[in-house]
There are 2 protein chains.
Amino acid sequence: MAHQKQEVRDRILLTADRLFQEQGFNETGINQIINEAKIAKASLYYHFKSKEELCVAYLEQRNRIWNEAFYEFLKNKTNKVLAAFDFLIDRNLADDFKGCSFLNMLSETSPEKKQIYDLIQSHKSGLLLFFEYELNDKELAYVIYSLFENAIIESKLYRSQDPIYRLKKYAQKLLER
Amino acid sequence: MAHQKQEVRDRILLTADRLFQEQGFNETGINQIINEAKIAKASLYYHFKSKEELCVAYLEQRNRIWNEAFYEFLKNKTNKVLAAFDFLIDRNLADDFKGCSFLNMLSETSPEKKQIYDLIQSHKSGLLLFFEYELNDKELAYVIYSLFENAIIESKLYRSQDPIYRLKKYAQKLLER
DNA sequence: ATTTATTCAGACAAGTCTGTATGTATTATT
DNA sequence: AATAATACATACAGACTTGTCTGAATAAAT
């Protein structure tokens with residue numbers, strides 16, 4: 001096998017990752033991806049047999065990247081639950097308030113695409129699991145998780161970090177009981 | 001002015017409303033709308049000068065329809081805050097778990113479309129205002145509002161009413177303090 | 001050295017998209 | 001009855017979409 005194989009495949013995925021986040025899935029065409037990744041169209045279809053398959057690979061990669069960054073960020077934090085909210089602030093600065101890639105995809109796809117729904121579900125389940133693990137209280141975890149999710153959405157909608165600060169504070173109060 | 005004017009305009013909006021919800025905005029073409037509404041393309045562009053303008057009218061109408069149904073549902077309920085969660089269950093049954101039209105649009109548009117962002121913001125602000133009015137406690141209202149929002153999203157993602165029941169129960173506990 | 005895997009460039013198919021243009025027919029207002 | 005508003009059908013422009021195909025070039029594996 002050519003040693004460039006991974007390189008080209010990765011370049012496709014990295015470019016798709018960036019464009020899907022910046023513009024959304026349906027607003028990003030195959031042609032734009034191959035132009036910006038500087039690869040031939042035939043090379044894309046050599047690695048992915050359809051745009052949907054590329055979408056699946058994208059979500060898998062996104063889940064990996066997000067989790068790595070998330071747990072890396074929380075590494076040296078004492079209160080990881082509250083620190084999770086700070087992570088959102090960093091992300092908004094990095095991606096200009098594009099919001100959650102998985103929720104964005106959820107709005108751009110349909111339940112018939114089972115593989116895609118599954119990946120979104122498993123990303124969100126993993127996140128909820130984190131809160132459950134940290135809090136040892138499933139009910140409280142689900143509430144904090146909801147605040148966390150809404151913090152992402154509201155900060156995207158208003159293009160402001162304020163909702164995050166505010167919801168973090170409310171989360172803190174709930175933890176203090 | 002022809003008395004049919006409103007009729008045709010309404011038929012366009014009603015059809016767009018149904019299709020945008022069923023399939024999403026970007027997945028719905030102008031041609032499908034005019035076919036299903038049984039009107040001429042020129043008639044659509046007579047009433048709306050672009051698809052984006054149709055989008056704006058759609059969101060305005062959706063906000064009206066949603067609020068009417070919402071407050072009608074809550075009319076005879078004693079605990080309106082908790083009843084709001086029951087409203088979500090009804091809506092999921094009616095629209096087959098399509099989720100929130102405004103959040104769906106949020107994922108399909110960009111902040112440059114200011115008018116659209118504004119309409120989404122004002123819909124969500126109105127909803128938050130409802131909770132604030134009912135609860136007389138801005139902090140609690142924002143928390144319940146977050147549970148409500150996440151109830152919509154999770155029930156869509158898992159195509160299940162369970163998240164709503166669960167989050168309603170947690171909301172109830174928060175109210176009881 | 002030969003086979004196999006990978007990448008390239010780009011034409012092409014077959015369809016979609018939004019929006020415009022044309023001309024006519026119907027309806028309402030004055 | 002004359003004028004203006006509305007609605008019609010439909011062709012068309014021009015750009016876009018995903019995906020296929022061809023044929024050659026390069027690189028790796030055997």
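In the text below, chain A, chain B and the rest are named by the order of the sequence lines, each starting its count at 1. Atoms considered below: every heavy atom in the structure, side chains included; atoms not considered: hydrogens, waters and symmetry mates. All values reported here derive from a predicted model rather than from experimental measurement.
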| request: Could you tell me the separation between the CG atom of L44(A) and the P atom of dG19(D), rounded to a whole number of Å? | output: 9 Å
| N92(A) and K156(A): side-chain donor and acceptor closer than 3.5 Å? | no
| Between dT18(C) atom P and E53(B) atom CD, what is the distance in whole Å? | 15 Å
| query | In whole Å, what is the span from the CZ atom of R9(A) to the P atom of dA27(D)? | reply | 22 Å
| What residues form a side-chain hydrogen bond (donor to acceptor under 3.5 Å, both in side chains) with N79(A), not counting sequence neighbours? | none
Show the distances under 3.5 angstrom between N or O atoms of the protein and N or O atoms of nucleotides 16-18 of chain D.
residue, atom, partner, partner atom, Å
dT18(D), OP1, K51(A), NZ, 3.1
dT18(D), OP2, I30(A), N, 2.8

| message | Just the rounded figure in Å: distance from P of dA9(D) to NZ of K38(B). | response | 11 Å
| request: Using whole Å, report how far CD1 of I34(B) lies from P of dT10(D). | output: 11 Å
| said: Nearest whole Å is fine: how far is dA27(D) C1' from E7(A) CD? | reply: 13 Å
| query | Do I144(A) and L175(A) come within less than 4.5 Å of each other through their side chains, counting heavy atoms only? | reply | yes
| said: If you compare every side-chain N and O of H47(B) against the phosphate oxygens of dT6(D) (OP1, OP2), does one of them come in below 4.0 Å? | reply: no
| task | Round to the nearest Å and state the distance from Y46(B) atom OH to dT26(C) atom C1'. | result | 13 Å
| Mutual orientation of the aromatic rings belonging to F70(A) and F130(A) [parallel < 30°, tilted 30-60°, perpendicular > 60°] | perpendicular
| task | Report yes or no: do E52(A) and S50(A) form a side-chain donor-acceptor pair below 3.5 Å? | result | no
| request: Verify the distance criterion only: is there a donor paired with an acceptor across the side chains of N26(A) and E27(B) at less than 3.5 Å? | output: yes
